[in-house]
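Beneath this line is the structure, given in C-alpha coordinates, with notes to follow.
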Amino acid sequence: MKRIAHLSDIHILDPRTPRSSARYRFAAKLVSLGRAVDPRIRARKLARALGAAKAAGADHIVISGDLTELGDESEFEHFAEVLDRARVDEEHVTLVPGNHDAYTSPEGWKKALEGPLRRFAKTSATEPGKIVERGPVALLPIDTSCFQSVVRAGGQFTPDAARAVERRLVDPALRDKAIVLVLHHSPFVQHRTPVMQFLDGLRGWNKVMDLLVRHPRLQVLHGHLHRMVDKVLTVAGGRAGEARVFGAAAVCDDADAGPDGGGEAPRIRLYDVRESGPLVRLATVSS
Ligand SMILES: [Fe+2]
(Lines give C-alpha, C1' and ligand atoms only; values in the text may rest on other atoms or scores of the structure.)
Protein backbone atom coordinates (compact mmCIF):
# COMPACT_ATOMS: atom_id res chain seq x y z
CA MET A 1 0.00 0.00 0.00
CA LYS A 2 1.31 3.41 -0.94
CA ARG A 3 -1.46 5.92 -0.23
CA ILE A 4 -4.29 6.17 2.31
CA ALA A 5 -7.29 8.50 2.02
CA HIS A 6 -8.82 9.59 5.31
CA LEU A 7 -12.45 10.77 5.46
CA SER A 8 -14.49 11.43 8.57
CA ASP A 9 -17.81 12.56 10.03
CA ILE A 10 -20.21 11.87 7.20
CA HIS A 11 -23.41 12.11 9.30
CA ILE A 12 -25.61 10.32 6.75
CA LEU A 13 -29.36 10.75 7.23
CA ASP A 14 -32.36 8.51 6.68
CA PRO A 15 -33.38 9.08 3.04
CA ARG A 16 -37.01 8.61 4.02
CA THR A 17 -36.82 11.63 6.38
CA PRO A 18 -39.96 13.39 5.11
CA ARG A 19 -41.94 10.24 5.86
CA SER A 20 -39.99 9.03 8.89
CA SER A 21 -41.18 9.57 12.45
CA ALA A 22 -41.47 12.96 14.10
CA ARG A 23 -39.13 11.66 16.81
CA TYR A 24 -36.43 10.86 14.22
CA ARG A 25 -36.82 14.24 12.53
CA PHE A 26 -36.60 16.07 15.87
CA ALA A 27 -33.50 14.13 17.01
CA ALA A 28 -31.76 14.50 13.62
CA LYS A 29 -32.33 18.25 13.69
CA LEU A 30 -31.11 18.49 17.27
CA VAL A 31 -27.80 16.70 16.65
CA SER A 32 -27.23 18.27 13.22
CA LEU A 33 -26.16 21.50 14.97
CA GLY A 34 -27.57 23.86 12.39
CA ARG A 35 -26.55 21.87 9.28
CA ALA A 36 -29.26 21.35 6.68
CA VAL A 37 -31.14 18.13 7.42
CA ASP A 38 -31.15 16.98 3.81
CA PRO A 39 -30.28 13.32 3.19
CA ARG A 40 -29.49 13.92 -0.50
CA ILE A 41 -26.90 16.59 0.27
CA ARG A 42 -25.13 14.45 2.89
CA ALA A 43 -25.05 11.46 0.53
CA ARG A 44 -23.75 13.63 -2.31
CA LYS A 45 -20.89 14.90 -0.13
CA LEU A 46 -19.86 11.34 0.73
CA ALA A 47 -20.02 10.28 -2.91
CA ARG A 48 -17.80 13.21 -3.93
CA ALA A 49 -15.29 12.50 -1.16
CA LEU A 50 -15.08 8.84 -2.21
CA GLY A 51 -14.64 9.93 -5.82
CA ALA A 52 -11.82 12.28 -4.80
CA ALA A 53 -10.10 9.48 -2.84
CA LYS A 54 -10.22 7.20 -5.87
CA ALA A 55 -9.05 9.95 -8.22
CA ALA A 56 -6.09 10.66 -5.92
CA GLY A 57 -4.95 7.06 -6.30
CA ALA A 58 -5.66 5.97 -2.71
CA ASP A 59 -5.06 2.26 -2.15
CA HIS A 60 -7.12 2.28 1.03
CA ILE A 61 -9.89 4.49 2.42
CA VAL A 62 -10.31 5.04 6.16
CA ILE A 63 -13.56 6.59 7.44
CA SER A 64 -13.11 7.54 11.08
CA GLY A 65 -16.63 7.57 12.50
CA ASP A 66 -19.91 9.43 12.68
CA LEU A 67 -20.86 7.58 9.52
CA THR A 68 -24.51 8.31 10.39
CA GLU A 69 -26.36 11.05 12.27
CA LEU A 70 -28.14 8.85 14.83
CA GLY A 71 -27.03 5.27 14.20
CA ASP A 72 -30.49 4.45 12.85
CA GLU A 73 -30.75 1.24 10.81
CA SER A 74 -32.00 3.07 7.72
CA GLU A 75 -29.09 5.52 7.93
CA PHE A 76 -26.59 2.64 7.90
CA GLU A 77 -28.46 1.24 4.88
CA HIS A 78 -28.20 4.60 3.12
CA PHE A 79 -24.49 4.85 3.98
CA ALA A 80 -23.91 1.36 2.53
CA GLU A 81 -25.84 2.29 -0.64
CA VAL A 82 -23.55 5.29 -1.25
CA LEU A 83 -20.46 3.09 -0.81
CA ASP A 84 -21.95 0.50 -3.14
CA ARG A 85 -22.75 3.10 -5.79
CA ALA A 86 -19.18 4.46 -5.54
CA ARG A 87 -17.94 0.93 -6.29
CA VAL A 88 -15.36 0.90 -3.55
CA ASP A 89 -13.69 -2.44 -2.97
CA GLU A 90 -14.54 -3.72 0.52
CA GLU A 91 -11.00 -5.02 1.04
CA HIS A 92 -9.79 -1.43 0.71
CA VAL A 93 -12.10 0.35 3.15
CA THR A 94 -11.84 0.54 6.96
CA LEU A 95 -14.75 1.92 8.98
CA VAL A 96 -14.99 2.75 12.67
CA PRO A 97 -18.11 4.05 14.44
CA GLY A 98 -18.36 7.43 16.19
CA ASN A 99 -20.57 8.67 19.00
CA HIS A 100 -23.40 9.49 16.57
CA ASP A 101 -23.45 5.88 15.33
CA ALA A 102 -24.43 4.72 18.83
CA TYR A 103 -27.26 7.15 19.68
CA THR A 104 -30.06 4.77 18.67
CA SER A 105 -28.98 1.40 20.03
CA PRO A 106 -26.01 -0.21 21.84
CA GLU A 107 -26.19 -2.90 19.15
CA GLY A 108 -26.44 -0.50 16.19
CA TRP A 109 -22.86 -0.86 14.95
CA LYS A 110 -22.79 -4.63 15.43
CA LYS A 111 -26.08 -4.99 13.54
CA ALA A 112 -24.85 -2.71 10.76
CA LEU A 113 -21.77 -4.92 10.30
CA GLU A 114 -24.00 -7.99 10.20
CA GLY A 115 -26.45 -6.25 7.87
CA PRO A 116 -25.96 -3.45 5.33
CA LEU A 117 -22.21 -3.04 6.03
CA ARG A 118 -21.40 -6.76 6.21
CA ARG A 119 -19.09 -6.64 3.21
CA PHE A 120 -16.88 -4.21 5.16
CA ALA A 121 -16.92 -6.18 8.43
CA LYS A 122 -13.62 -7.94 7.74
CA THR A 123 -11.70 -4.67 7.46
CA SER A 124 -13.61 -2.56 10.01
CA ALA A 125 -13.80 -2.13 13.80
CA THR A 126 -15.04 -5.22 15.61
CA GLU A 127 -13.02 -6.56 18.54
CA PRO A 128 -10.09 -4.46 19.87
CA GLY A 129 -6.70 -5.62 18.61
CA LYS A 130 -8.03 -6.59 15.19
CA ILE A 131 -5.56 -5.68 12.48
CA VAL A 132 -6.02 -4.92 8.81
CA GLU A 133 -2.66 -5.61 7.18
CA ARG A 134 -1.99 -3.73 3.98
CA GLY A 135 1.66 -4.12 2.98
CA PRO A 136 3.88 -1.97 5.22
CA VAL A 137 0.90 -0.71 7.25
CA ALA A 138 -1.14 -2.47 9.93
CA LEU A 139 -4.37 -0.59 10.63
CA LEU A 140 -5.98 -1.16 14.04
CA PRO A 141 -9.61 -0.01 13.89
CA ILE A 142 -11.02 0.68 17.38
CA ASP A 143 -14.64 1.30 18.38
CA THR A 144 -14.70 4.15 20.95
CA SER A 145 -18.46 4.71 20.74
CA CYS A 146 -20.80 4.35 23.74
CA PHE A 147 -24.58 4.08 23.81
CA GLN A 148 -25.58 7.34 25.49
CA SER A 149 -27.91 10.33 25.38
CA VAL A 150 -27.62 12.74 22.45
CA VAL A 151 -26.46 15.42 24.89
CA ARG A 152 -23.19 13.51 25.28
CA ALA A 153 -20.62 13.04 22.54
CA GLY A 154 -17.79 11.36 24.44
CA GLY A 155 -16.10 8.06 23.74
CA GLN A 156 -14.12 5.41 25.55
CA PHE A 157 -10.76 3.75 24.97
CA THR A 158 -11.04 0.81 27.32
CA PRO A 159 -8.28 -0.96 29.31
CA ASP A 160 -9.03 -4.01 27.11
CA ALA A 161 -8.39 -1.96 23.97
CA ALA A 162 -5.11 -0.65 25.44
CA ARG A 163 -3.91 -4.18 26.22
CA ALA A 164 -4.93 -5.46 22.78
CA VAL A 165 -3.12 -2.62 20.98
CA GLU A 166 -0.03 -3.12 23.16
CA ARG A 167 0.04 -6.81 22.19
CA ARG A 168 0.12 -5.83 18.51
CA LEU A 169 2.84 -3.25 19.12
CA VAL A 170 5.17 -5.83 20.65
CA ASP A 171 4.31 -8.56 18.13
CA PRO A 172 7.58 -9.45 16.32
CA ALA A 173 5.60 -10.31 13.17
CA LEU A 174 4.58 -6.63 12.89
CA ARG A 175 7.99 -5.21 13.82
CA ASP A 176 8.66 -3.58 10.44
CA LYS A 177 5.19 -2.13 9.91
CA ALA A 178 3.61 1.20 10.68
CA ILE A 179 0.96 0.59 13.34
CA VAL A 180 -1.94 2.95 12.70
CA LEU A 181 -4.71 3.24 15.24
CA VAL A 182 -8.01 4.34 13.68
CA LEU A 183 -10.55 5.72 16.13
CA HIS A 184 -13.22 8.40 16.15
CA HIS A 185 -12.23 10.53 19.14
CA SER A 186 -9.06 12.55 19.49
CA PRO A 187 -6.66 11.19 22.11
CA PHE A 188 -5.86 14.75 23.27
CA VAL A 189 -7.75 16.56 26.03
CA GLN A 190 -10.07 18.89 24.16
CA HIS A 191 -11.74 20.86 26.94
CA ARG A 192 -10.64 22.94 29.89
CA THR A 193 -13.32 21.74 32.25
CA PRO A 194 -13.75 18.14 33.40
CA VAL A 195 -17.49 18.41 32.72
CA MET A 196 -16.99 19.29 29.06
CA GLN A 197 -14.28 16.66 28.73
CA PHE A 198 -16.72 14.13 30.20
CA LEU A 199 -19.42 15.21 27.75
CA ASP A 200 -17.29 15.37 24.61
CA GLY A 201 -13.85 13.83 25.22
CA LEU A 202 -12.30 10.38 25.14
CA ARG A 203 -12.28 8.51 28.43
CA GLY A 204 -9.02 6.58 28.53
CA TRP A 205 -7.22 9.21 26.40
CA ASN A 206 -4.21 8.82 28.69
CA LYS A 207 -3.94 5.15 27.68
CA VAL A 208 -3.59 6.16 24.01
CA MET A 209 -1.03 8.80 25.00
CA ASP A 210 0.91 6.26 27.04
CA LEU A 211 1.07 3.96 24.00
CA LEU A 212 2.16 6.84 21.74
CA VAL A 213 4.93 7.83 24.16
CA ARG A 214 6.28 4.32 24.54
CA HIS A 215 5.93 3.20 20.92
CA PRO A 216 7.35 5.62 18.33
CA ARG A 217 5.92 3.39 15.57
CA LEU A 218 2.35 4.14 16.60
CA GLN A 219 0.34 6.69 14.62
CA VAL A 220 -3.31 7.72 15.00
CA LEU A 221 -6.05 8.71 12.56
CA HIS A 222 -9.16 10.22 14.13
CA GLY A 223 -12.22 12.37 13.46
CA HIS A 224 -14.78 13.97 15.80
CA LEU A 225 -13.30 17.49 15.85
CA HIS A 226 -14.56 18.28 12.33
CA ARG A 227 -11.26 19.96 11.51
CA MET A 228 -7.87 18.88 10.25
CA VAL A 229 -5.30 18.30 12.96
CA ASP A 230 -1.61 17.37 12.76
CA LYS A 231 -0.07 16.69 16.16
CA VAL A 232 3.66 16.37 16.64
CA LEU A 233 4.60 14.60 19.85
CA THR A 234 7.71 16.02 21.48
CA VAL A 235 8.66 12.88 23.34
CA ALA A 236 11.56 10.47 23.12
CA GLY A 237 11.46 8.92 19.66
CA GLY A 238 9.55 11.88 18.19
CA ARG A 239 11.26 13.87 15.50
CA ALA A 240 10.91 17.56 14.85
CA GLY A 241 8.04 18.36 12.55
CA GLU A 242 6.87 14.77 12.21
CA ALA A 243 3.17 14.47 13.04
CA ARG A 244 1.91 11.18 14.43
CA VAL A 245 -1.70 12.05 15.18
CA PHE A 246 -3.87 13.14 12.27
CA GLY A 247 -7.45 14.41 12.45
CA ALA A 248 -9.67 14.79 9.38
CA ALA A 249 -12.22 17.49 8.60
CA ALA A 250 -15.90 16.52 8.42
CA VAL A 251 -17.23 15.48 5.03
CA CYS A 252 -20.65 16.78 6.13
CA ASP A 253 -19.14 20.28 6.46
CA ASP A 254 -17.87 20.33 2.86
CA ALA A 255 -19.51 22.78 0.48
CA ASP A 256 -22.39 21.18 -1.39
CA ALA A 257 -21.55 20.97 -5.08
CA GLY A 258 -25.16 20.46 -6.14
CA PRO A 259 -26.47 17.54 -8.23
CA ASP A 260 -24.11 18.33 -11.12
CA GLY A 261 -20.90 18.40 -9.04
CA GLY A 262 -18.16 20.94 -9.55
CA GLY A 263 -17.07 23.70 -7.17
CA GLU A 264 -14.68 23.31 -4.25
CA ALA A 265 -12.89 19.95 -3.99
CA PRO A 266 -13.83 17.72 -1.03
CA ARG A 267 -11.44 18.12 1.92
CA ILE A 268 -10.19 14.57 2.21
CA ARG A 269 -6.80 13.84 3.76
CA LEU A 270 -4.17 11.84 1.90
CA TYR A 271 -1.12 10.18 3.41
CA ASP A 272 1.74 8.53 1.61
CA VAL A 273 3.48 5.61 3.27
CA ARG A 274 7.18 6.46 3.60
CA GLU A 275 10.22 4.79 5.07
CA SER A 276 11.65 7.21 7.62
CA GLY A 277 14.87 5.66 8.96
CA PRO A 278 13.86 2.42 10.67
CA LEU A 279 10.22 3.51 10.85
CA VAL A 280 7.37 3.47 8.36
CA ARG A 281 5.52 6.78 8.55
CA LEU A 282 2.38 8.31 7.12
CA ALA A 283 3.29 11.59 5.44
CA THR A 284 0.58 14.06 4.51
CA VAL A 285 0.19 14.78 0.82
CA SER A 286 -0.31 18.46 0.13
CA SER A 287 -3.11 19.08 -2.32
FE1 LIG B 1 -19.11 14.26 13.91
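Counting starts at 1 for both ligands and their atoms, following the listed order. Numbers here are sequence positions counted from 1. It should be emphasised that the depicted structure is a prediction, and the values quoted were computed from it without experimental measurement.
H11 lies close to the Fe ion (ligand 1), since one of its N, O or S atoms is found at a distance under 2.8 Å. The Fe ion (ligand 1) lies under 2.8 Å from an N, O or S atom belonging to H226.
Side-chain polar atoms of N99 and H224 form a donor-acceptor pair below 3.5 angstrom. Of the N and O atoms on the side chains of Q190 and H185, not one donor lies less than 3.5 Å from an acceptor on the other residue.
Taking the six-membered ring for Trp, H222 and H6 have ring centres at least 6.0 Å apart.
Nearest N, O or S atom of D9 to the Fe ion (ligand 1): atom OD2. Restricting D66 to its N/O/S atoms, the shortest distance to the Fe ion (ligand 1) is reached by OD2.
Applying the 6.0 Å contact sphere to NZ of K130 captures more than 12 heavy atoms from other residues, nucleotides or ligands.
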